[in-house]
Amino acid sequence: MSPILTDISTTALTQACEDNFIEFRKFFSGLSGAELHDEEDILWLDTGLPYGKWNGIFRTHLQPENIEHSVLDILAHFRARQLPFSWWIGPSTRPGNLGKYLESQGFALEESSPAMAAVLDNIPEPYPAASELFIRKVENSGDLKLFLEIVQDGFHIPDNALQDLLDLYSQAYAKSQPPFIHFLGLWDGEPTAATSLFLNGRSAGIYNVATLPPARGQGIGTALTTKAMAQARKLGYRVAVLRASDMGRGVYRQLGFREYCKLDQYIFNG
C-alpha cells in the first residue's frame, strides 16, 4: 500500500481526488459476476447490474490512434449485455478531447462534479450537528443494512441491486481490505443519515453522504462528514477528498474543502 499522502501541493491534491475515486470504483469489482479490466492504458468495469454509475470506464490513458478501436470495443460489450454504463473523464484522462469524441458516438454528459480536497490539520470543533443526533460506526450486519437502505434512497440505487450491494459491503467489512468505514446517523433514535470513509492508503475518500428527505436541512450530513474527517485524521491521514453535488459544494467549502478538478460522467444508455 502506498504511504499516506503528506504532499499538499495543488498537483498532489488533484491527483489524490482522481486516484481515490478510481480505487473506490474498483471496489465494485467485488460484486458477484463482475468483470474488471485493469490495464495500463484503460480501466473499466462491468458489474452485471443495470446501474450506469457502477458500470464503465474510470481511467483512460489512450493514444489518439487507439481511441476509436477502444470505444467501439467497449460499446459492443455493453450493448451485447444490454447494460447502461458511464465513461468518466478526469484531469489525467488522455486524449484531452475524449469528451467530444464520446458525444460523437452517442454519449451524453450526465454530470460534471467538482472533486474537492481538504487538509485535515484543522477540523471544525465541535462537530456541526443537529440536536438529538447520534452518530455511530457500522459494526454489525443489522446496522449495515440500515446504512445501505439510506444510501439507496439518497443515490436512487435500484431495488434489485440492494442485496448485491449488501453482499459486497459485507465482504469488505469482513476483510477490511481496503479499509472501509461506515457511519450511521440516528436522529431522534431513527436511522436517518449515512456516510463512508474509503481509505486507499494515500488519502481518505468521503462517500455515500446521504440523509433521508424528512431530515434534510438540519445539518445532519455536515455532522457525519466532519465525523468522517475526524476519523481519517485519527488514523493518520492528512488529506480527505470527495465529489460534491452543486447543493453540497458550499457546505464542504465551510468544512475546509477546496475544488481541485472536475470529474465528468458521460453516460451511454443505448
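Worth knowing before you read on, the calculation uses all heavy atoms, side chains too, and leaves out hydrogens, waters and symmetry mates.
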Closest heavy-atom contact between [X] and [Y]?
X	Y	result
T192	A215	CG2-CB, 3.2 Å
D121	R233	O-NH1, 3.4 Å
A228	F183	CA-CE1, 3.9 Å
A204	A232	CB-CB, 3.5 Å
S29	A34	O-CB, 3.5 Å
H182	S196	ND1-OG, 2.8 Å

What distance separates [X] [atom1] from [Y] [atom2], expressed to the nearest 0.5 Å?
X	Y	atom1	atom2	answer
L98	T93	CG	OG1	6.5 Å
E68	D73	CD	CG	10.5 Å
T222	L133	OG1	CG	10.5 Å
R258	C17	CZ	SG	13.0 Å
N55	R25	CG	CZ	10.5 Å
E139	L184	CD	CG	11.5 Å

If you measure only the distance, is there a donor-acceptor pair under 3.5 Å linking the side chains of [X] and [Y]?
X	Y	answer
N208	T195	no
N20	Y207	yes
T211	R216	no
D159	Q152	yes
E111	S113	yes
Q163	D167	yes

Measure the shortest side-chain to side-chain distance between [X] and [Y] over non-hydrogen atoms and say whether it is less than 4.5 angstrom.
X	Y	answer
L255	M229	yes
Q15	Y260	no
D264	L109	yes
T60	W88	no
L162	E149	yes
L165	I157	yes
L49	D164	yes
V251	F257	no

Fit a plane to each ring of W44 and H37, take the angle between them on a 0 to 90° scale, and name the class: parallel (under 30°), tilted (30 to 60°) or perpendicular (over 60°).
parallel
Check: [X] side chain, [Y] main-chain N or O, donor-acceptor pair, under 3.5 Å:
X	Y	result
R94	L62	no
S86	G52	yes
T226	A223	yes

As a quick check of understanding, evaluate side-chain contact (heavy atoms from CB on, under 4.5 Å) for I42 and I74, giving each step before the final call.
CA-CA 11 Å; I42 196 164; I74 291 171; 3.7 Å; yes
Salt-bridge present ([X], [Y]; N to O < 4.0 Å):
X	Y	answer
R59	D38	yes
R136	D143	yes
K53	E110	no

Does L199 form a side-chain contact (heavy atoms from CB on, under 4.5 Å) with I181? I'd like the steps, not just the answer.
CA-CA 8 Å; L199 308 170; I181 301 169; 4.1 Å; yes
Atom [atom1] of residue position [X] - does it have more than 12 heavy atoms of other residues, nucleotides or ligands inside 6.0 Å?
X	atom1	value
E18	CD	yes
E35	CD	yes
N140	CG	yes
Q82	CD	no
K262	NZ	yes
E40	CD	no

Please say yes or no: joined through hydrophobic side-chain contacts below 4.5 Å, possibly via intermediate residues, are [X] and [Y] part of one cluster?
X	Y	result
V241	I22	no
V119	Y237	no
Y252	V239	no
L13	L242	no
W54	L263	yes

L144 and S170: side-chain contact (heavy atoms from CB on, under 4.5 Å), yes or no, with the steps?
CA-CA 8 Å; L144 185 60; S170 297; 3.5 Å; yes
Does the gap between the ring centers of F27 and Y169 come in under 6.0 Å?
yes
With salt bridge (charged side-chain N to carboxylate O under 4.0 Å, His left out) as the test, would you mind laying out the steps for R202 and E23 before giving the verdict?
CA-CA 11 Å; R202 297 280 287 158; E23 289 296 319; over 6 Å; no
Name the one of F58, Y266, F107 that satisfies ring-ring contact (aromatic ring centres under 6.0 Å, His included) with F85?
F107
side-chain contact (heavy atoms from CB on, under 4.5 Å) between I150 and L146: does it pass, once the steps are laid out?
CA-CA 7 Å; I150 293 168; L146 293 172; 5.5 Å; no
